[in-house]
Asker: 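First, the structure itself, so that you have it in front of you.
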Amino acid sequence: MFLREYVPQSLRDAWRAKFEQLCQGAMTVLEYAFCFSELARHAPALVAIVRERVRRFIEGLHPSIQTSMARDLEMDITYQQAVSIARRVEGMFAQDRREREAKRSRETSHYSGARAPAARYVRGFMSRPVHSALPAANSVCRD
C-alpha cells in the first residue's frame, strides 16, 4: 500500500527488473540472500509461493552451489533452510579451496632451487646442518 502511494511506478519497475536479473556473482551467499530478500519485497507476485521463492533463490546462486543444491529444489524446504544449506555448501567449497592452497604451498615451499648444504666430516663424525623449529635468538620476547 505504502509503495503504491509514495514510490513512483518507474522505480518499482526498476526494482522488479533488478530482482528478476539478480544472481550471486561475486557476493557471498549471505550478501546475496540479503539482496534477494530486499528486492523480493518489491516483487511479491514473483515469489508469492514459498516453493517459487526457494526456486528463484537457488537459480540465482553461483553455478557450483546451485548444482550442489539441485536435490533441494525437489524437496519442500523453506527459504531460510535454502539459505542455510547454501551457506554450508559455500563454506565447504571455501574449506576445500583453503586445503588445496595449503597443500600446494607445502609442496612448493620445500624446494627452493638451491642444493642442500653438504655433510661435513669433523674428527671422523659426519656433521649435517641443523634446522631448528625454534625461533631465532633475536625474536625472543622480552618483558
Asker: Closer than 3.5 angstrom, by distance alone: can the side chain of Gln24 be matched with the main-chain N or O of Tyr32 as a donor-acceptor pair?
Answerer: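 Flag not set: sc Gln24 to bb Tyr32 has no pair under 3.5 Å.
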Asker: Are Phe19 and Ile49 connected in the hydrophobic side-chain network, where two residues link if heavy atoms are under 4.5 Å apart?
Answerer: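 In one cluster with Phe19: Ile49, no.
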Asker: Starting at CZ of Arg87, measure out to OG of Ser84 and round the result to the nearest 0.5 Å.
Answerer: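 It comes to 7.5 Å.
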Asker: Kindly determine whether Val54 and Ile77 satisfy side chain to side chain contact (heavy atoms under 4.5 Å, CB included), including the steps that lead there.
Answerer: CA-CA 8 Å; Val54 169; Ile77 60 172; 4.1 Å; yes
Asker: To the nearest 0.5 Å, what is the distance between CE on Met69 and CD1 on Ile58?
Answerer: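 With rounding to 0.5 Å, CE (Met69) is 4.0 Å from CD1 (Ile58).
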Asker: Under 3.5 Å, is there a donor-acceptor pair between the side chain of Ser37 and the main chain of Ala33?
Answerer: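 A pair under 3.5 Å: yes.
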Asker: Under 30°, 30 to 60°, or over 60°: which ring-plane class applies to Tyr79 and Phe36, parallel, tilted or perpendicular?
Answerer: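 Rings of Tyr79 and Phe36: parallel, under 30°.
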Asker: Taking the side chain as every heavy atom from C-beta outward, state whether His62 and Thr67 have any pair of such atoms under 4.5 Å apart.
Answerer: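 Heavy-atom side-chain distance check fails, nothing below 4.5 Å.
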Asker: Exactly one of Arg97, Lys103, Gln95 should register a side-chain hydrogen bond (donor to acceptor under 3.5 Å, both in side chains) with Glu99. Which one does?
Answerer: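 When side-chain hydrogen bond (donor to acceptor under 3.5 Å, both in side chains) is applied between Glu99 and each of Arg97, Lys103, Gln95, only Gln95 qualifies.
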Asker: Hey, could you give me the CZ/OG distance between Arg88 and Ser68, rounded to the nearest 0.5 Å?
Answerer: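 Here the interatomic distance stands at 12.0 Å.
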Asker: Working to the nearest 0.5 Å, report the span between CZ of Arg16 and CG of Leu39.
Answerer: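 One finds 12.5 Å between CZ of Arg16 and CG of Leu39.
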Asker: With the side chain counted from C-beta on, respond yes when Trp15 and Arg41 share a heavy-atom pair under 4.5 Å apart, and no when they do not.
Answerer: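 No, too far: nothing below the 4.5 Å cut-off.
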Asker: Salt bridge between Glu101 and Arg98, side-chain N to carboxylate O under 4.0 Å?
Answerer: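 Salt bridge absent between Glu101 and Arg98.
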Asker: When clusters are formed by joining ILVMFWY residues with side-chain heavy atoms under 4.5 Å apart, either directly or through shared neighbours, do Leu30 and Ile65 land in the same one?
Answerer: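 The answer is no; the residues belong to distinct hydrophobic clusters.
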Asker: Quick check on Phe34: does its CZ atom have over 12 non-hydrogen neighbours (other residues, nucleotides or ligands) under 6.0 Å away?
Answerer: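 Counting neighbours around CZ of Phe34, 12 or fewer heavy atoms of other residues, nucleotides or ligands fall under 6.0 Å, so no.
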Asker: Within this structure, what is the CD-NZ distance for the pair Glu38 and Lys18, rounded to the nearest 0.5 Å?
Answerer: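 Glu38 atom CD to Lys18 atom NZ measures 11.0 Å (nearest 0.5 Å).
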Asker: Is there a side-chain contact between Leu46 and Glu52, using heavy atoms and a 4.5 Å cut-off?
Answerer: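 Contact flag for Leu46/Glu52 side chains = no.
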Asker: In Å and rounded to the nearest 0.5 Å, what is the CE to CD distance from Met75 to Gln81?
Answerer: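 Going from CE on Met75 over to CD on Gln81, the span is 8.0 Å.
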Asker: Quick one: closest heavy-atom pair of Cys35 and Leu22, and the distance?
Answerer: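 So the minimum-distance heavy-atom pair works out to C-CD2, 4.0 Å.
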